[in-house]
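Worksheet: one structure, shown below.
Naming convention: chains lettered A, B, ... in sequence-line order (proteins, then strands); numbering from 1 in each chain.
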There are 2 protein chains.
Amino acid sequence: MATTQDRQLVEQWRSIQNSYFRTAAAIDRALEAKFDIGLNEFEILDLVAESVDSACRMKALGERTPMTQSAVSKVVDRLEKAGLVTRATCADDRRSLYLQLTDAGRTLHSEAAVEHRALLKENLGE
Amino acid sequence: MATTQDRQLVEQWRSIQNSYFRTAAAIDRALEAKFDIGLNEFEILDLVAESVDSACRMKALGERTPMTQSAVSKVVDRLEKAGLVTRATCADDRRSLYLQLTDAGRTLHSEAAVEHRALLKENLGE
DNA sequence: CGTCATTCAATGACAAGGAATATGATTCGG
DNA sequence: CCGAATCATATTCCTTGTCATTGAATGACG
């Protein structure tokens, strides 16, 4: 029952996979080499940086990435250990945490973002 | 320096990420539930099934998936343990291995493939 | 042939992610 | 108010993946 359409679907899927992995790997290696953080760490940093005004809860992050809640928690652990973000308990609801970039975090983010965008452009926009 | 183009690139990237992860997760769960194998295992099985005629070397697999050589090796371990494929040393070059589906492997593959294609269609072909 | 570099695959140590569960905070029905 | 249910986050345990290394086989070449 291997219809032509099936084969096309599989082709399409493999092509998505390949371009996704190639791009992710390229970015990951570059960030690792130049800034000593992985892609997932950068992406969280990027999300935190986006929400400068509206303080950023962990919960919100979970909704904006395909990462699991526990993965997000661990990524934030590493970012915190690296001194790039801080977790601040928030008065309204003490279950929640607000994340904030440290100065080091802001600096690193803005430098890494340049690299990130450049690699995206190279890999997506051909 | 957050240009409009940058924002578009990031948007595009996140959209790719999300659709990739959603699709992969959906397929993975379904295969796990119904056939007790993960997505990576199925994909290797699928590659082996494709090369019925030309016996399939490990090396060849490595070139057709974004997986690492060692990851492929371990996935094949599991498939072998599950009785779905066999590794046959090959006479021409005794470093190489030829993979073959067992009967169980062939059966499981053809059933799982239906599910796989259906989910691809659902997730990619909208 | 004998040596040296290269190739294919497996393995062990380690890092990262997911599922399930724990913990502490909050809300809500009565 | 009290207890149950729910929520936000952390943590534990297990699986899987990567990197580096190893061992065996091959090939190039003097």
Which word best sums up how the rings of B:Tyr20 and A:Tyr20 line up, parallel for under 30°, tilted for 30 to 60°, or perpendicular for over 60°?
parallel

Length of the line joining [X]:[atom1] and [N]:[atom2], which is rounded to integer Å:
X       : N      : atom1 : atom2 : result
B:Asp36 : D:dT15 : CG    : C1'   : 14 Å
A:Glu63 : D:dC7  : CD    : P     : 12 Å
A:Gln17 : D:dG17 : CD    : P     : 12 Å
B:Phe42 : D:dT16 : CZ    : P     : 18 Å
A:Tyr98 : D:dA8  : OH    : C1'   : 12 Å
A:Ile37 : C:dA16 : CD1   : C1'   : 16 Å
A:Met67 : C:dA15 : CE    : P     : 19 Å
A:Arg57 : D:dA8  : CZ    : P     : 7 Å

Less than 4.0 angstrom from a charged side-chain N to a carboxylate O is my criterion; do B:Lys74 and B:Asp77 meet it?
no

Any A:Lys81 side-chain heavy atom under 4.5 Å of A:Arg78 side chain
no

Hey, does B:Thr68 reach any base, or is it just sugar-phosphate, or nothing, if we go heavy atoms under 4.0 Å?
sugar-phosphate

Side-chain atoms of A:Ala71 come closest, of C:dG18, C:dA9, D:dA10, to C:dG18

Are OP1 or OP2 of [N] and a side-chain N or O of [X] less than 4.0 angstrom apart?
X       : N      : answer
A:Ser96 : D:dA8  : no
A:Ser73 : D:dA10 : yes
B:Asn40 : D:dG17 : yes

Drop me the distance from B:His109's NE2 to B:Ile37's CD1, to the nearest 0.5 angstrom.
8.5 Å

Take B:Pro66 and A:Ala60, find for each the nucleotide of DNA chain D with the closest heavy atom, and name the residue whose nucleotide sits nearer the 5' end.
A:Ala60

How would you list, by chain and number, every residue that makes a salt bridge (Lys or Arg N to Asp or Glu O under 4.0 Å) with B:Glu11, sequence neighbours excluded?
none

Measure distances between side-chain N and O atoms of B:Lys74 and base N and O atoms of D:dT18, and say whether any donor-acceptor pair falls under 3.5 Å.
yes

Answer with yes or no whether A:Gln69 presents, from its side chain, a donor or acceptor under 3.5 Å of a partner atom in the base of D:dA10.
yes

Step through the shown structure and confirm whether more than 12 heavy atoms of other residues, nucleotides or ligands are within 6.0 Å of CZ on A:Arg87.
yes

Is the number of heavy atoms from other residues, nucleotides or ligands within 6.0 Å of CZ (A:Arg14) greater than 12?
yes

What residues in residues 75-95 of chain B put a non-hydrogen atom under 4.0 Å from any atom of DNA chain C?
B:Arg87, B:Arg95

